[in-house]
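Inspection log for the structure reproduced underneath, given as structure tokens.
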Amino acid sequence: MSEKITRRDFLKLTAMGAAATAVMTGCGPMSRYVVRRPYTQMPEYNQTGESTYYASTCRECPAGCGILVRTREGRALTIEGNPNHPVNRGRLCARGLTAQQGLYNPDRVRGPRFQGRGKPTSPPRDLTWEEAVQVVGSALQKPPERIAFLLGLVPDHLFDLVSELTQALGAPPPLRYGALAALDGRTTLLEATRRLFDTPALPYFDLAQAEVTLAFGADFLQAWLSPVTYTRAYGNMRQGNPRRRGELIVFEPRQSLTAGNADRWVPIAPGSEAHVALALGGRVAELRGLPVPEAFRAVSLEEAARVSGIPAAQLEDLAVTFATAERPLALVGGSALTQPNGLVTAQAVLALNALVNNLGQPGGVFLTPAEATPAPLTAVSDLVRRMQAGEIEVLFIHGVNPLFELPAALGFAAALENVPLVISFAPFPDETALQSDYIFPDHSALESFGYQRSLAGADRPAWSASQPVVVPLYNTRATVDVLLAAAQAIGRALPYRDEVDFIQQKILPLLNAGGFYTAPEILTFWSRWLQYGGWWTPAAGLPAPRSPRLPASFGTLTPPPAPAEGQFYLLTYTNHLGDGSGANRPWLQELPDAMTTVTWNTWVEIHPTTAEHLGLKDDDVVRITTPYGAVEASVYRYPAIRPDTIAIPFGQGHTALGRWAEGRGCNPAQILPAATNPAGDPAFIGTTATLMPTGRRRPLARVESKDGVYGEH
Amino acid sequence: MAVESKPLETVLPAAHVEEDPREHLMFDPRPREEMNRMIMEAMTTTSRRYWAWVIGLALVVLICLFGAWGNMILTGMGLAGIRRPVFWGLFIVTFVFWIGISHAGTFVSAILRVFKAEFRRPFTRASELMTTFGLAAGALFPLIHLGRVWVFYWMIPYPNARWLWPNFRSPLVWDFLAITTYLLSSTIYLYLPLVPDLAMARDRTTGWRHTLYRLLALGWRGTEAEWHRLRRAITIFAFAIIPVMFSVHTIVSWDFAVGVVAGWHSTIFGPYFIIGAILSGVAAVVSILFVLRSTMQHMDYFIRKEHFDALGKLLLVFSMAWAYFFFNDYLLTWYGGEEAARRILTLHATGPAAWVWYLMLICNVLIPWLTLWNRTIRRTPWAMFIITLLINVGMYAERYTIIPLTLGHQRMPFDWGVYTPRPTEISIVIGTFALFLLLYLLASRLIPLVPVWEVQEGQMAHTLRRVGKAEVPSVTELE
Amino acid sequence: MQVKKPWWQSGGVRIALALVLLILFGGAVSGIYLSQIPPEQPIAFPHKTHVALGAQCTYCHPAAAWGPNAGLPGISKCWGCHQQVQKKSPELEKLAGYVQRNEPIPWVPVAIQPDFVKFNHQPHVQAGIACETCHGPVSQMTVALPQPRQNMGWCLDCHQRMRPNDFVRLSDCATCHY
Amino acid sequence: MAEERPAKWGLVVDLDRCTGCNACIAACSMENNVPFVGEDEVAYGRALYWIRTQRYWEGEYPAVTPTFQPVMCQQCGNAPCEPVCPVYASVHSEEEQINLAVYNRCVGTRYCANNCPYFARVFNWFDYELPEPMRSYLNPDVTVRRRGVMEKCTFCVQRIVRGRQKARAEGRELRDGEIQPACVQACPAEALVFGDLSDPESRVSQLARSQRRYHLLEELGTLPRVTYLKGVGNHGG
């Protein structure tokens, strides 16, 4: 009896097992049925399952690379380089490649809203665009001299429109500012070219064909002006030149990615670049049998060696290398300019190119058309002063995050309190937007029309076009349209119907300007413009600078003060996070920093011997104090930095900007001075800081194995 | 049946001469019925403490093993501490450990049986149980460590709608097959000698136990023909299971040895693993015997100092053999001259986790060599318990050295990584230990832990004969 | 023999056990059954009628010829003909409703594969495979019915039969999975 | 219809051009739906980079210089990951001569990852959910992997398959350079070149014959399809 039951139980168990297996493995597709809604009108060019590409312009930095956005079923999938575009030739950097994480960022501002500066007494509330236009209109009716526009480096078409608007209103012209431009030293370059060549212009260095390149400060492989252009040129300089493999020598206190790729990295004392450039120039002139220009006599080789900490023999060797090279090129930017001697450095290095006669030559220096140039920091501090004095009633902010990007020492935060009405057009809830009265979000870059016309990386006259690649996700509106509508509402209408009309009118002069396509009228031109992603000439060609008028002196030189005991030169630099606007792209956060492989946080680079001297270990949290403030960061013992220098990357330390950016690392702008160089660019270099261990440790998320790379456990 | 009488010296070492042979189980016979009663008592007596242990262990199994595992299945393997490049961690370490433990049963009951080592008789069953339960615990790990355990059946060769078969080139498939074979054969090998004892139990119980034993005893009556067949079957299995046992751990070692991983890619790994397994298995037998002896009724009759003594000698031999293979591993690597493998072995001794390596050597070599030569220590059960526990700690450390510590420092220093076990995997590992103990506890009250008929058979064969003035132990060849 | 009944032979336990088994088994059976019935469609589209009237498959699903997805027709395509057809039926009323509201018809495709199967219609159409080979006798269906057992073996079987010389390529994992 | 020709896809990495900018990682991750894992997981070594730049240091200050070496799956002709997979989830494609990672077949033993001398394989430790609406940018051509699955660089096999289907539909042979993985397409320094190694005239074949060529861990006999070109001189590697 019991045996039978056991058997039957066994059978039952088997059946149960089989049934359970059937359920768990899922025999049929029931769970997979999903509803699909076909287009009501199937667009001819759009096919489900097939990608559609739109040409546009990357707005992650002001370089203006051409992009092709791959879309499918109305979604932007991947971003690729536009192969025809003169700036990037189909190539793209990490920032551009991850731009769709900005478009689809869950933390975007989803509609116009009253922000109320984050005060509990005036809680945020949503508005309609009609109300928004009304608010902007009444703001524009304020006394014109009390209206201020602070714009970012992109997009150019908005800057053009605001320029026209302020002109029509009689208001002061808009200011353009961005930490990227400031750290690039753009204003200094413009001032130097104005002084030497009479034309303020950003120089274009033909790196690809240069054979010996001296680079002062410019981290052109990662951040400076147009990194994709220069990285492509770098590759061609190394292996694309049939004559010889180009040689790169970089003067930098801290090895940037560019210096890391150089054949020789010269760890120059911060602030002594001008001395070295002048001394090298004098020596090069001698070696080339030229009369040494007066300006280059200011510094002798020995003095330069003493000030910069580079052995004189090495300087001599570099001078010989440069003077005897077939196609020498000297390049300047970044940390060589953002310092008290920056303007002298810029002039000296540009003049050095004139000495070796490479202006307008292959492998030499050209000038790009400089329009809509960024404002110097001095202009911004002037604005801050007026804000502080209560002379500004309305401040419009677009494309820039001054609370994050400006040195805190400038006092922008306090000055903002004195402005009665602040209107932000930010698509993201960044620091400044949250401190505004209103946020009227612009479309994100991939949803907008526009153009970029100052392309520092183009080897030819070029305009780069933007177009929406997806339907706007949220209730956002193009700022140009908002301003046009507001101007119309107050009876100061500009002669443009809307944003597209404005752009079309602005590009009218290009119709027959010798581009690689022409069109009889604007609509045909417009379709080509959108199809190709812009307009440019078929052949390369930029104006050569005229031979310079060398003044007797490039300016006064202040030798860098040697840091006192326990003080270190403080450097900040930009990596792939750029000016910090990339910090809310999770994949940019996840991307290892090229030199340190650190992700998701801020670190402070300290030379290993210095760290040992201070008793600091990797990942120790230190407090970095300057006269302007203090921040905390984890130590990264960086073997390629001067022992008297420490460096902090720019871009982290957000207190707003969404879930991936907030509360991560520190913002070096908090401890930078508001000082400027004679050209008006910030003079960050030369700031000294003290280090104070906090006793805490915060391990950095590095990709490298410390054990494997540094032999430490 | 040949009856031979041996001189005393060859049966017992010289040191034993003064000892009374009657201290040995084989020369201390008791009446069959009394012995049966003792076994039945040991099997049916449970205390409050016993049930407390059972419930406690069952809870541990439920929470630490199945709870943590279920949570890991639902959340992801990330709950374990494994990372790139250390993709195998505690799970595989413990897997190898359990497979190693499981070698003891087969070793004791098959090899010692084949070699007619008489001291094996009272504890063959206890060690065979270890084999089966060790395998049961160990065989969980290939499932636990799968990223997608819900499709584990793809590793089973069966015709299917996908037209796909497992990859028979993969050592993991060999492993799967070998472990299944071993589990099956060791279970049968556990069961066969159990039949007469089950029949004994059947005749002395009522109720559900009676029903159970009646079913399991397969109608055993103890006729001459049955005994004959049983002996034949056991003999065949004893010989057949030995190669299976060797193959299983060789194949487990191939999981590593066929890889290109520096430090794994070694031909010595097969025998090295087998020796290690036997060392850890025999040590575990000693530990278990101590526990049985001190917790179960009448076990001090069956398990005596002489058994600890004999197993201690075995352990010493295997510890030396293990050390020899350990040395060989270095020798081969040095001779092979591969930079990466050399660096691995150096890092084991100098790296951040070098203490594991030293722990391994101290427990596996230093401690046995310093203690087990001593007869007094070998005959002190609690000392043996501690020593054998330490040997198993050492063997665990050996597997830990071979798996995560080797994987972490491969050929590309940029990607080196240090592995830290995390609560989930530690909990699962503890859970399998609890599972093993729980199964053992339950089995100890369900089946006779001592093969009564084997002991009785041995006692019948062993007699003291008076030769002249001396009493001389003698053994009758049974088969 | 006077043996006490073990607990697992007691009636209550057995009934409870039977119930549990019944629920499990029934659940499994109904789960399998539910997975095999076609989903409800917003409009009971009669393929039969359209095919009988001579409409080609690629008229409404044109992308099969050149793209990965055959595509579902939009309301403009339906309305292109049905504007002219006066015949009134409740289903056509529904269509008219969608057209009036300019709403897409929420079709539920039945011939679907999991996400990890990358199927492309174009090479199959190019190779001359008739639609019915995979989609079944659509000319006799009203709403499209899911075809059972469209599994990997079914794909491979056809690949092997149709293109024995090309089977290495057509059985490559990357042909369908990436 | 043009006859199908099996290819032998290969990649050349010119280290003299490579600057180590990591654009390849971003391009790869966006194309292949590679999830980001966050700070703590990266710190623990669980980032899912399919390609990463190995940065070592050479020399002592001040002559210290980093060396950059992007390492992705080497698509070995004799791949150690393949024989160890029990279910053929890591399998050689006869047609494309690359190593496939068949996600839907993977059971997650992770043996392939242990056995890969290049550490090219990464594992989905968890389900990495993207918040809405971020899922919109996921590439529908690439399967989104769930937890418990190995993944690795595929040479963007989805682009290879699409490219071949396109060429076949147009009845022509594939052109050299027509198919480019995302990293190759993005590389600003043009350090990466992709193509068919079985065509001796292709650009990748020509570069792979360069005097500067070497393979990673050549002594293991894995026959990698990725060729590295040494940096020239004692710097700039």
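Keep in mind it's a predicted model, so treat the numbers as computed, not measured. First the proteins, then the strands, lettered A, B, ... as listed; each starts at 1.
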Applying a strict 4.5 Å limit to non-hydrogen atoms, the region of D/R145 in contact with chain C is neither
Fill in: Between D/Y103 and C/F116, ring centroids under 6.0 Å
no
Counting heavy-atom pairs under 4.5 Å with chain C, the top scorer among D/D141, D/V157, D/V91 is D/D141
Turns out that what part of D/T154 lies under 4.5 Å from chain C's heavy atoms comes down to neither
Which label fits D/F194 and D/W9: parallel for a plane angle under 30°, tilted from 30 to 60°, or perpendicular past 60°? parallel
Between D/E31 and D/Q158, does the side-chain hydrogen bond (donor to acceptor under 3.5 Å, both in side chains) criterion hold? Intermediate values first, please.
CA-CA 10 Å; D/E31 165 78 17; D/Q158 70 277 11; 2.9 Å; yes
Self-check item: Close side-chain approach of C/V138 to C/C57, heavy-atom, < 4.5 Å
Solution: no
